[in-house]
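The structure under discussion appears below in the form of structure tokens.
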2 protein chains.
Amino acid sequence: MSENTPRLLVEERRRLIVEQVERDGRATVEQLAARFAISTVTIRADLEALARNAAIVRTHGGALPAPARTADTPLSIKQARHAAQKKRIGQAAAKLVADGDTIILDSGSTTVEIARALRQRRWSALTVVTNGLYIALELGAIPAIRVMMLGGLLRPSSDSLVGPAAEQMLAQLSAQRLFLGVDGIDAEAGVTTPDPQEAALNALMIRAARETVAVFDSSKLGQRALSVIAPLSALHVAITDSAADAAQLRALREAGVRVEQV
Amino acid sequence: MSENTPRLLVEERRRLIVEQVERDGRATVEQLAARFAISTVTIRADLEALARNAAIVRTHGGALPAPARTADTPLSIKQARHAAQKKRIGQAAAKLVADGDTIILDSGSTTVEIARALRQRRWSALTVVTNGLYIALELGAIPAIRVMMLGGLLRPSSDSLVGPAAEQMLAQLSAQRLFLGVDGIDAEAGVTTPDPQEAALNALMIRAARETVAVFDSSKLGQRALSVIAPLSALHVAITDSAADAAQLRALREAGVRVEQV
DNA sequence: TGATAATCGAAAGTAAATGAAAGTTTCAAG
DNA sequence: CTTGAAACTTTCATTTACTTTCGATTATCA
């Protein structure tokens, strides 16, 4: 590997490191130093910087992939991950919706897939309440779907709206079903998300809906993010993919959640 | 490298930089300085300006492509009529905004141009209240701009939010300046728009702002739409293009409006 | 518990970025 | 045609960021 092109930019090198760690499941300091033909000290600096951003996990002598999305990753990146599973989950979730319903769609990459699946069907009347900009854009063009958007401060990393205004508005609404996209779901910690404001809003969404459906790809199982939304018992249905961990699913079922795998 | 071409315009050069970054996946400051035969300091200024608009990501010694916006974003904003005029009007309007301000941006194709012009400038703090989805998307990526979105029912034809929820939320806000995109403006009928709900919301926007700036291309002058927003006297400033009818402008001035033509 | 590998810290060299001052260009008025 | 303001550029000095080398220190594991 002759890496003597005009010399990599620092960020490029770090992106490559993350890639390698994700791909191989691991990487050693020596290995990386040899690959880029730089000193181990610099590699260590890189690893430390990446670990600070939770892009990887630091170990003695090397690095491992980061556990998963408990950190606040931009939507554009989340979208790329587990895209196929999310599509299937979205389609399964959309089947739970009946014509005439009022539903709440949380923001998030998985719930955007629900919106896309909803577009495929023919509706005579459907009301969708959402705080996600992209969900509103997906559904806005469908005449038979009434889209009500919660107002509030725009949270750029997820293109969603949060804050008191959204909460106040939500308090006046009520819906058949909530589809909640979760960032972490764990038997002990319950349902969690990285942003406290988002968590507060999500908790209110649960109160506003008669039934709560959590949608998440299997990588979220067993993860915990900073802010707690609710305990598992607040959920009625969970939809995830077939790679989900059996023990975690059992905990979900014991909490009274109907689990569906696609 | 023909040195006798009339020297690239700044915007042209920046466009080429973005192209190169997208194409090659990277670009270094040195490389770019050599390509355009200008100093590295200027290239750095370019990169900083582009990074501010989230067009690229800045790194040491160069730049990398910006992480792609969400997959298939329907950002295909319908190319409006009178696009050139609207762009100029947008830029003139943006000049009225000072750092630290709180402004209200109505939805509409002309106000989207104001948002784009705002992106070009450097802000340390700016709060934008809007009911337009595309405006929120334009400004969402700029960290120094706080975007507050009014909630409400999505009106598909204009991708804007209207209704009681938006009105209620707006009633609790106050701003230095409102930029109102109007569909009709006429000496007798005043400022008008086709949708009654939109008109009601716009009227509240006027009340929430200390100063109201109407923006419209000259084709709107003398037009009347269904719903009246306010009389001419409610406006403080009007920005339109140079093709505007002189008699109509006189009526505006007589109503106490400061008229600016671009 | 040692032996060994890995990490940390400080010093030093180099590339890149920043800030300030001064010179240009552009563009719109007078 | 001239003037003036605002936006661009450049040069030059200074500051910051990144990288390496070389000991000292701290984990890890047989």
Side-chain angles (χ1 to χ4, degrees), chain A residues 3-17 21 26-53 56-64, chain B residues 3-17 21 26-53 56-64 84-85 87-99 116-124 239-243 258-262:
Chain A
E3 218 73 51
N4 47 8
T5 36
R7 180 128 132 283
L8 289 172
L9 299 170
V10 180
E11 284 307 314
E12 285 184 286
R13 190 181 60 227
R14 291 184 179 170
R15 286 185 190 185
L16 289 172
I17 291 174
V21 171
R26 64 189 293 268
T28 68
V29 172
E30 287 297 343
Q31 196 183 87
L32 291 168
R35 173 176 173 198
F36 298 113
I38 57 177
S39 77
T40 59
V41 178
T42 303
I43 290 294
R44 274 192 272 274
D46 287 344
L47 296 185
E48 198 206 332
L50 290 170
R52 247 201 321 275
N53 298 340
I56 59 169
V57 167
R58 195 63 230 281
T59 70
H60 214 67
L64 298 176
Chain B
E3 220 52 77
N4 41 10
T5 38
R7 178 103 133 303
L8 288 174
L9 265 27
V10 182
E11 286 308 319
E12 287 181 281
R13 189 182 61 228
R14 292 187 178 170
R15 214 174 298 256
L16 289 172
I17 291 174
V21 171
R26 67 188 298 245
T28 67
V29 173
E30 289 295 343
Q31 197 182 91
L32 292 168
R35 174 176 171 198
F36 297 113
I38 57 177
S39 78
T40 58
V41 177
T42 303
I43 291 294
R44 274 192 270 272
D46 287 345
L47 295 185
E48 198 210 332
L50 291 169
R52 213 165 45 232
N53 299 350
I56 59 171
V57 168
R58 193 64 231 280
T59 72
H60 255 280
L64 298 177
Q85 288 97 312
K87 200 164 215 69
R88 285 205 308 280
I89 293 169
Q91 277 161 353
K95 285 192 184 142
L96 299 180
V97 182
D99 204 356
R116 292 207 176 120
L118 291 175
R119 288 182 62 149
Q120 302 300 129
R121 284 181 39 199
R122 165 188 282 163
W123 305 97
S124 72
I239 305 182
T240 187
D241 60 77
S242 49
R258 181 157 64 79
V259 175
E260 190 173 335
Q261 283 182 281
V262 294

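To find a chain, count down the sequence lines: A is the first, B the second, and so on, and within it residues start at 1. We use all heavy atoms of the structure for the numbers below, so side chains are in, but hydrogens, waters and symmetry mates are not.
Listed by chain and number, the residues in a salt bridge (Lys or Arg N to Asp or Glu O under 4.0 Å) with B:Arg119 are B:Glu138 (sequence neighbours excluded). With sequence neighbours excluded, the residues satisfying salt bridge (Lys or Arg N to Asp or Glu O under 4.0 Å) with B:Arg14 are B:Asp46. Residues passing the side chain to side chain donor-acceptor pair (under 3.5 Å) test with A:Thr59: none are found, sequence neighbours excluded. Partners of A:Glu48 under the side chain to side chain donor-acceptor pair (under 3.5 Å) rule, at least two apart in sequence or in another chain, are A:Arg52. Under the side-chain contact (heavy atoms from CB on, under 4.5 Å) criterion, B:Arg258 pairs with B:Val237, B:Glu260, sequence neighbours left out. Shown here are the side chain to side chain donor-acceptor pair (under 3.5 Å) partners of A:Ser39, two or more places apart in sequence or in another chain: A:Thr42. Remark: B:Gln120 engages B:Asn53 in a side chain to side chain donor-acceptor pair (under 3.5 Å) (not counting sequence neighbours). B:Ala243 is linked by a side-chain contact (heavy atoms from CB on, under 4.5 Å) to B:Ser218, B:Asp241, counting only residues two or more places apart in sequence or in another chain. Not counting sequence neighbours, the partners of A:Arg58 by the side-chain contact (heavy atoms from CB on, under 4.5 Å) test are A:Val29, A:Arg44, A:Leu47, A:Ala51.
In this structure, B:Gln91 places its CD atom 17 Å from P of C:dT26, rounding to the nearest Å. Taking atom CD of residue A:Glu48 and atom P of nucleotide D:dC18, one finds them 12 Å apart after rounding to whole Å. One can place CG of A:Leu9 at 12 Å from P of D:dC18, the figure rounded to the nearest angstrom. Atom-to-atom, CD1 of B:Ile43 to P of C:dT18 comes out at 14 Å; the value is rounded to the nearest Å. With rounding to whole Å, B:Glu12 atom CD is found 12 Å from C:dT26 atom P. We find that CD of B:Glu260 is positioned 12 Å from P of C:dA28, with the value rounded to whole Å. One interatomic measurement links the two molecules: CD of B:Gln261 to C1' of C:dA28, which rounds to 15 Å at whole-angstrom precision. Atom C1' of nucleotide C:dA15 and atom CD1 of A:Ile38 are separated by 15 Å, given to the nearest angstrom.
The structure places CZ of B:Arg13 at 6.0 Å from CD1 of B:Ile43, a figure rounded to the nearest 0.5 Å.
Mapping A:Ala45 and B:Val41 onto DNA chain D by nearest heavy atom places B:Val41 at the nucleotide closer to the 5' end.
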Strictly under 3.5 Å: I want the nitrogen or oxygen pairs between protein and nucleotides 5-8 of chain D, one per line.
none

Atom pairs under 3.5 Å, N or O on each side, protein against nucleotides 3-7 of chain C: can you list them with distances?
{"from": "C:dA6", "atom 1": "O3'", "to": "A:Gly61", "atom 2": "N", "distance (Å)": "3.0"}
{"from": "C:dT7", "atom 1": "OP1", "to": "A:Arg58", "atom 2": "NH2", "distance (Å)": "2.5"}
{"from": "C:dT7", "atom 1": "OP1", "to": "A:Gly61", "atom 2": "N", "distance (Å)": "2.7"}
{"from": "C:dT7", "atom 1": "OP2", "to": "A:Arg44", "atom 2": "NH1", "distance (Å)": "2.6"}

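For DNA chain D, if you chain together Watson-Crick or G-U pairs that step i with j, i+1 with j-1 and so on, the runs of at least three with distances under 3.5 Å are C:1-30 with D:1-30.
Looking at every heavy atom in both residues, B:Val262 comes nearest to B:Ala92 through CG1-CB, 3.5 Å.
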